[in-house]
Amino acid sequence: MSIRICPSILNADHTRLFEEIDQVATADLLHLDVMDNVFVPNKTFTLDECREIIAHSTIPVDSHLMIHDPDQRAIHYAEAGSASVTFHFEASSNPSATILQLRNAGCRVGLAVKPATTFESIADYLADIDMLLIMTVEPGFGGQSFMADQLPKIAQARDAISRLTKKQPWLQVDGGISLETISRAATAGADTFVAGSAIYKSADPKIAIEQLRELAEL
Ligand code: DX5
Ligand code: ZN
């Protein structure tokens with residue numbers, strides 16, 4: 001199974017953000033957390049800032065939208081050039097329509113679930129998406145502890161994905177992924193790993209990426 005490491009720039013040094021982005025160019029995808037202070041109690045990048053980040057990054061950008069109105073606004077992040085756009089199931093009143101809009105815009109489509117949302121609630125969408133994101137913290141902030149109680153949900157999702165005969169979506173985890181926790185998430189079945197603090201708070205982001213990758217490759 002191929003492994004992908006996605007550094008989150010949420011807790012990078014925003015006063016020198018482009019340098020921070022350049023430091024993780026050996027990773028697979030740059031994880032861009034968009035928060036609107038409605039869906040989560042925190043606000044991050046504006047759409048214009050996202051456009052600048054996407055234009056600057058040499059690796060594909062994985063936009064994670066923690067916004068309350070993805071059915072109206074997710075499309076803007078696809079048009080801004082994200083390689084992948086992930087929106088929250090809890091915030092959408094018509095996930096199928098938003099999945100289709102994003103697909104027509106030509107990006108990969110991700111669906112995210114918060115810790116309290118069951119796998120069963122999104123199981124029907126699995127065949128239509130390119131990535132399922134299982135949050136392993138409450139979305140909103142970096143630097144929180146990994147929620148091990150999400151491991152059974154990851155295993156349940158992996159089991160369902162492995163039974164899909166056509167396209168198999170990537171299974172991403174986000175929140176508290178570190179040198180201590182990544183192998184547990186990988187063993188449960190995740191193949192795509194977001195890491196913020198574990199990369200940006202380390203002495204050398206490039207080495208941290210390689211260490212995470214080695215631990216995730218079972
Ligand atoms: C949290 C964000 C995460 C965050 C992860 O809501 O979605 O992407 O940056 O940060 P760490 O890896 O520090 O938990
Ligand atoms: Zn995220």
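Every number for a ligand or one of its atoms is a count from 1 in the order of the listing.
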Starting from [atom], what is the nearest protein heavy atom, named by residue and atom, and what distance separates them?
atom: atom 1 (C) of ligand 1; answer: Phe141 O, 3.5 Å
atom: atom 2 (C) of ligand 1; answer: Asp33 OD1, 3.4 Å
atom: atom 14 (O) of ligand 1; answer: Gly176 N, 2.8 Å
atom: atom 10 (O) of ligand 1; answer: Gly142 CA, 3.5 Å
atom: atom 12 (O) of ligand 1; answer: Gly196 N, 2.7 Å
atom: atom 13 (O) of ligand 1; answer: Ser197 OG, 2.3 Å

Below 4.0 angstrom from a heavy atom of [X], which ligand 1 atoms are there? Numbered from 1 as shown, please.
X: Pro139; value: 6 (O)
X: Ala195; value: 12 (O)
X: His31; value: 8 (O)
X: Val194; value: 8 (O)
X: Gly175; value: 14 (O)
X: Met66; value: 6 (O), 7 (O)
X: His64; value: 7 (O)

Can you give me the OD2-the Zn ion (ligand 2)-ND1 angle for Asp174 and His64, to 10°? 90°

Opening angle between NE2 in His31 and OD1 in Asp33, taken at the Zn ion (ligand 2), to 10 degrees: 90°

For [Y], is there any backbone N or O sitting under 3.5 Å from a side-chain donor or acceptor partner on [X]?
X: Asn94; Y: Ala97; value: yes
X: Glu20; Y: Asp13; value: yes
X: Asn42; Y: Phe141; value: no

Closest to atom 6 (O) of ligand 1 among Gly140, Cys6, Ala12 (heavy-atom distance): Gly140

If hydrogens are left out, which of Asp174, Ile177, Thr181 has an atom nearest to atom 5 (C) of ligand 1, that is, the closest non-hydrogen atom? Asp174

Note: Ser8, heavy atoms under 4.0 Å from ligand 1, region reported as side chain

Closest non-hydrogen atoms of Arg213 and Asp28, given as atom of the first, atom of the second and distance, are NH1-OD2, 2.9 Å

Neighbour count >12 (heavy atoms, 6.0 Å) for atom NZ, Lys167: yes

Regarding ligand 1, does Met35 bring an N or O atom to under 3.5 Å of one of the ligand's N or O atoms? no

Using the benzene-type ring in the case of Trp, are the ring centres of His88 and His68 under 6.0 Å apart? no

I want to know whether Phe193 and His31 have ring centres closer than 6.0 Å. no

State, yes or no, whether a side-chain contact exists between Ser82 and Ile54 at a heavy-atom distance under 4.5 Å. yes

Over 60° means perpendicular and under 30° means parallel, so classify the ring planes of His56 and Phe18, tilted if in between. parallel

Are Asp33 and Thr44 close enough that a side-chain donor and a side-chain acceptor fall under 3.5 Å? no

Ligand 1 contacted by Ala198 (non-hydrogen, < 4.0 Å): no

Here's one to test your reading of the geometry: is the NZ or CZ of Lys114 within 45 degrees of the ring axis of Phe39 and under 6.0 Å from its centre? yes

Go through the steps to decide whether Arg103 and Asp128 satisfy the test salt bridge (charged side-chain N to carboxylate O under 4.0 Å, His left out), and finish with yes or no. CA-CA 9 Å; Arg103 178 151 323 293; Asp128 300 328; over 6 Å; no

